Participant: 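What follows is a structure written as structure tokens; I'll ask about it next.
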There are 2 protein chains.
Amino acid sequence: MRYTIGVTPPVNTGACLPSALATSPVFLLGRLGYALKRQAVAELEEAGYSFYEYSVLTLAEDGTCKAQTEIADVLLLDRSQLVGLLDGLEERGLIERQRDQNDRRRHVVKLTRGGRQELGRLRTLVNRIEDEFLAPLDAESRSDLFAILSRLARAHDTRFAVPADVAVAS
Amino acid sequence: MRYTIGVTPPVNTGACLPSALATSPVFLLGRLGYALKRQAVAELEEAGYSFYEYSVLTLAEDGTCKAQTEIADVLLLDRSQLVGLLDGLEERGLIERQRDQNDRRRHVVKLTRGGRQELGRLRTLVNRIEDEFLAPLDAESRSDLFAILSRLARAHDTRFAVPADVAVAS
DNA sequence: TATTGTTATACTCTATAACTATA
DNA sequence: TATAGTTATAGAGTATAACAATA
């Protein structure tokens, strides 16, 4: 591992980034995104899960994506990658695969009771990591950041589109 | 490649991310950082450079890091990785390695005139990509975002520390 | 013929260890 | 003995192609 926050503080060699890099949005956003995710990946791994497995459990709970292809598409990974992930989760009794009776090629992925419990644990873990990461910001800055990131995400990635009714309801 | 903005718009399969993921800072920040960097990586590659090569050229221009170990530390990559990068840049006449006369184990990395020219081209390229990425935001949101990201970066990564005098001067 | 889930394989990065020359 | 640069190797993660079952 090369870069984490919290667990392994970055080594201060005294050297600083040149401002041409330190003030570049690509560099800033790329580095922060990577650092935060790295931290989440590390702690999830300690808990026995990969970040993908956490994402898959979340998607299985949501239930909008039933078939494996849909799950893979939403998570931007290949169908073939998903197979091994689901195998592991199924062996641990966290999800179940059932044949879709309408189209027997498809598998419907369902979260088990145990899977729901584990997901709750993992979500608590991730929430704490996020809080720690955002700790240097006051409440207003946090909500500003969230609003701006959401706007960018919606503009660049249709998967972040918010169904209007849902947005109003919740 | 799985995820780019601009060049290859994300495929809209109609499926949306569950809000538990879409509203998660880890997911948002991770995804946006990855997407922006991915775009920069893709276009730099078309121009004949890797993102690391672009970073190395920038560092060589800055001149604060002279030895290879220092450059590697600041860019969070291993010394051994840097060797090949510098080989390629030197073959193309963009940088030069000279023995440090005070400590003959060390190499001093210098940007050549040609390297400076190329760096100018690449920086224009990266600036354009960043502008396109931030296009959905108004000027105030952009400066808010930049301020917040900078604060987070300084809090979590000492390499982003701003020497006080430099901060005032520029 | 096209699609779903699956399997097997290849390739790219990155991490690690070991070597040399200098200190 | 420790450090700078280098080289070579191994591993993780990902991309690609091909297969069987079903539509």
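None of the values given here were measured: they were computed from a predicted structure. Numbers restart at 1 for each chain; the letters A, B, ... are given by sequence-line order, proteins then strands. Values reported hereafter were calculated over all heavy atoms of this structure, with side chains retained and with hydrogens, waters and symmetry mates removed.
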Participant: Under 6.0 Å from the ring centre and within 45 degrees of the ring axis: does the NZ or CZ of R92(B) meet both conditions for the six-membered ring of Y49(B)?
Facilitator: yes
Participant: To the side chain of Y52(B), which of dT14(C), dT6(D), dA23(C) is closest?
Facilitator: dT14(C)
Participant: Kindly say whether, by distance alone, the side chain of R105(B) makes a donor-acceptor pair under 3.5 Å with the base of dT3(D)?
Facilitator: yes
Participant: Provide, to the nearest angstrom, the distance between the CZ atom belonging to R79(A) and the C1' atom belonging to dA21(D).
Facilitator: 14 Å
Participant: How close or far is atom P of dA20(D) from atom NE2 of H107(A), stated in whole angstroms?
Facilitator: 17 Å
Participant: In terms of side-chain heavy atoms of T69(B), which of dT22(D), dG5(D), dT7(C) is nearest?
Facilitator: dG5(D)
Participant: Between E70(A) and R106(A), is there a side-chain N and carboxylate O pair less than 4.0 Å apart?
Facilitator: yes
Participant: In whole angstrom, give the distance that lies between atom CG of D103(B) and atom P of dG5(D).
Facilitator: 9 Å
Participant: Output the rounded distance in Å from CZ (R104(B)) to C1' (dT3(D)).
Facilitator: 16 Å
Participant: Calculate the interatomic distance between K37(B) atom NZ and dC13(C) atom P; express it in whole Å.
Facilitator: 12 Å
Participant: Do R106(A) and dT4(C) share a donor-acceptor pair, side chain to base, under 3.5 Å?
Facilitator: no
Participant: Can you see which heavy atom on R31(A) is nearest to which on F160(B), and at what distance?
Facilitator: CG-CE1, 4.0 Å
Participant: What is the distance from CG of L85(A) to C1' of dA12(D), rounded to the nearest Å?
Facilitator: 14 Å
Participant: Does R97(A) reach a base, just sugar-phosphate, or nothing at all? Heavy atoms under 4.0 Å.
Facilitator: sugar-phosphate
Participant: Check this for me: does the side-chain of S80(A) come within 3.5 Å of the base of dT16(D) through a donor and an acceptor?
Facilitator: yes
Participant: Which nucleotide, dT6(D), dT14(C), dT14(D), lies nearest any side-chain atom of Q81(A)?
Facilitator: dT14(D)
Participant: Any ion pair linking R123(B) and E61(B) (charged N to carboxylate O, less than 4.0 Å)?
Facilitator: yes
Participant: Is the shortest heavy-atom distance from the side chain of T23(A) to the side chain of S19(A) under 4.5 Å?
Facilitator: yes
Participant: Please report, rounded to the nearest Å, how far the P atom of dT6(D) is from the CG atom of D87(B).
Facilitator: 6 Å
Participant: Would you kindly give the CG-to-P distance between D78(A) and dC11(C), to the nearest whole Å?
Facilitator: 17 Å
